[in-house]
Protein chains: 2
Amino acid sequence: MLHAADRRRTDTRERILELAEASTLAKGFGGTSIDELIAGVGITKSGFFYHFRDKTELAEALMDRYLVHNRKVISDIFDRADELIEDPLHGMLAALKMFAETLSNIPEAHPGCLAATFCYQDQLFSARIREMNIEGMLDWRTSFRRRFEAIVERYPPKREVDLDAMADSVITLVEGGLILGRVHQDPSILPRQIMLFRDFVRLSFS
Amino acid sequence: MLHAADRRRTDTRERILELAEASTLAKGFGGTSIDELIAGVGITKSGFFYHFRDKTELAEALMDRYLVHNRKVISDIFDRADELIEDPLHGMLAALKMFAETLSNIPEAHPGCLAATFCYQDQLFSARIREMNIEGMLDWRTSFRRRFEAIVERYPPKREVDLDAMADSVITLVEGGLILGRVHQDPSILPRQIMLFRDFVRLSFS
DNA sequence: TAATGGCTGCACCTTTGGTACAGTCATTCC
DNA sequence: GGAATGACTGTACCAAAGGTGCAGCCATTA
């Protein structure tokens, strides 16, 4: 029988994922070999395939972690903004500023690029990976969309605004900003894009 | 002696590049095998390695084509805008609209994601590839930066604007928008992001 | 006619991502 | 205390992908 407190549980799987994530963010998933992972964790190949049926299952597990982390990042920021500010517009402005600050502090580690990495090789992976990728991006879209709707209600804009596009803007800037930041080796690019979008939000609803 | 009109010149190399580009955009560079390319072009492995020392040299050649295409896209649009409009702000607004239209028409084929593909695996490639990637992105930055400076001069904004970030916005949105468009299977996402940025530009300088 | 460009053909090598399966050792259940 | 189970190890073997090295061949060109 298997229950939560089973002492036989080891942290090997977790350690594989940890190392795989770091390596994937640094070198891409394709550049991360199983041999490298088992050497790093100190197990054998059989040990690896005991935990993951194949490399695709490892990718799925990484995406799973990413989705969890993703949701936490979004909700943490909006929860904090809601705690501090009642007004939807000013809450959004505060949230965007906090988000930009968060990105400044952990520029390399953001797993957003996991989505991009998998996106550009998705033919190689399972449909599961693609679905998870969509799911993660929909999390952003719906969270922002709902809040922009609240803003529009209280601050009707002069010109019509493409709310769907606006809701997608942040994740678009994150994905693009991570690429630019990486290419230019400049972690300030992404937070500055977010702050620029914040200016746009302020201008749009005032 | 080798000169331009050498009749022995074949188009094999060009055909390899053509096929490799299409395959890379569809499946990623890692997912594009040499065997697949030589089968498609109808040559042998030796034939491939006659043209390219290794797969990295193929990647470099693809990036080369991308840079050329990249510059043409930028200059075509701004040239046309300059032709029609003298005012820097309205020229920019027109250019952005034309760009969004262009993206709507050729959503799949835009090679921007070549940069992203290579970016997320750049440790595997030569320093050349990374330099070419930087070069391509600087093309965007400098082109836009110059034009935003002209706009600021004629239309001094009320609040201070981060011109560097603004100059990077379009390529950031392109890279991010290609990812979202790919994940959601929705080619309208990118052009709409560009149109949203256009709104921001209009609002910022009026 | 000789040289050269643009290949072909063949042999062989390494790395990576597996598959298959038997054995081991510590813990836990009864 | 013995059986079952979880978490592995070890060994052997396989195919695909990315090469390397080299000899040869054929059409064009100097």
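Please read all numbers here as calculations on a predicted model, not as lab measurements. Each chain gets a letter, A, B and so on, in the order the sequences are listed, and its residues count up from 1. All values below were derived from every heavy atom in this structure, side-chain atoms included, with hydrogens, water molecules and symmetry-related copies excluded.
- One finds a side-chain N or O of B/T12 lying less than 4.0 angstrom from the OP1 or OP2 phosphate oxygen of C/dC7.
- B/R145 places no side-chain N or O within donor-acceptor distance of the main-chain N or O of B/A167, the cut-off being under 3.5 Å.
- Checked for salt-bridge contact, B/R182 and A/E175 miss the test: no charged N lies under 4.0 Å from a carboxylate O.
- When all heavy atoms of A/G91 and A/A81 are compared, the closest pair comes out as O-CB, 3.6 Å.
- In this structure, OH of A/Y50 is placed 17 Å from P of C/dA22, rounded to the nearest angstrom.
- Counting all heavy atoms, side chain and backbone alike, B/T56 lies closest to B/I129 at O-CD1, 4.4 Å.
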Quiz item: What is the per-nucleotide protein-contact pattern of nucleotides 10-17 of chain C, from the 5' end, where B denotes a base atom under 4.0 Å from a protein heavy atom, S denotes such proximity for sugar-phosphate atoms only, and - denotes neither?
Solution: B------B
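- Remark: P of C/dG6 and CZ of B/F48 are 16 Å apart, rounded to the nearest angstrom.
- With rounding to whole Å, B/L58 atom CG is found 14 Å from D/dA17 atom C1'.
- Per the geometry, CD belonging to B/E36 stands 21 Å off P belonging to D/dA15, to the nearest Å.
- Side-chain nitrogen and oxygen atoms of B/H51 include none within less than 4.0 Å of the OP1 or OP2 phosphate oxygen of C/dG5.
- Spacing between atom CZ of A/R53 and atom C1' of C/dG18 amounts to 13 Å, rounded to whole angstrom units.
- More than 12 heavy atoms of other residues, nucleotides or ligands lie within 6.0 Å of CD in A/E83, so this atom counts as buried by the packing criterion.
- For B/I38 and C/dG6, the CD1 to P distance is 19 Å, given to the nearest whole Å.
- The interatomic distance linking B/I43 (CD1) with C/dG9 (P) rounds to 12 Å, in whole Å.
- Looking at B/E60 and B/R65, no side-chain N of the basic residue comes within less than 4.0 Å of a carboxylate O on the acidic one, giving no salt bridge.
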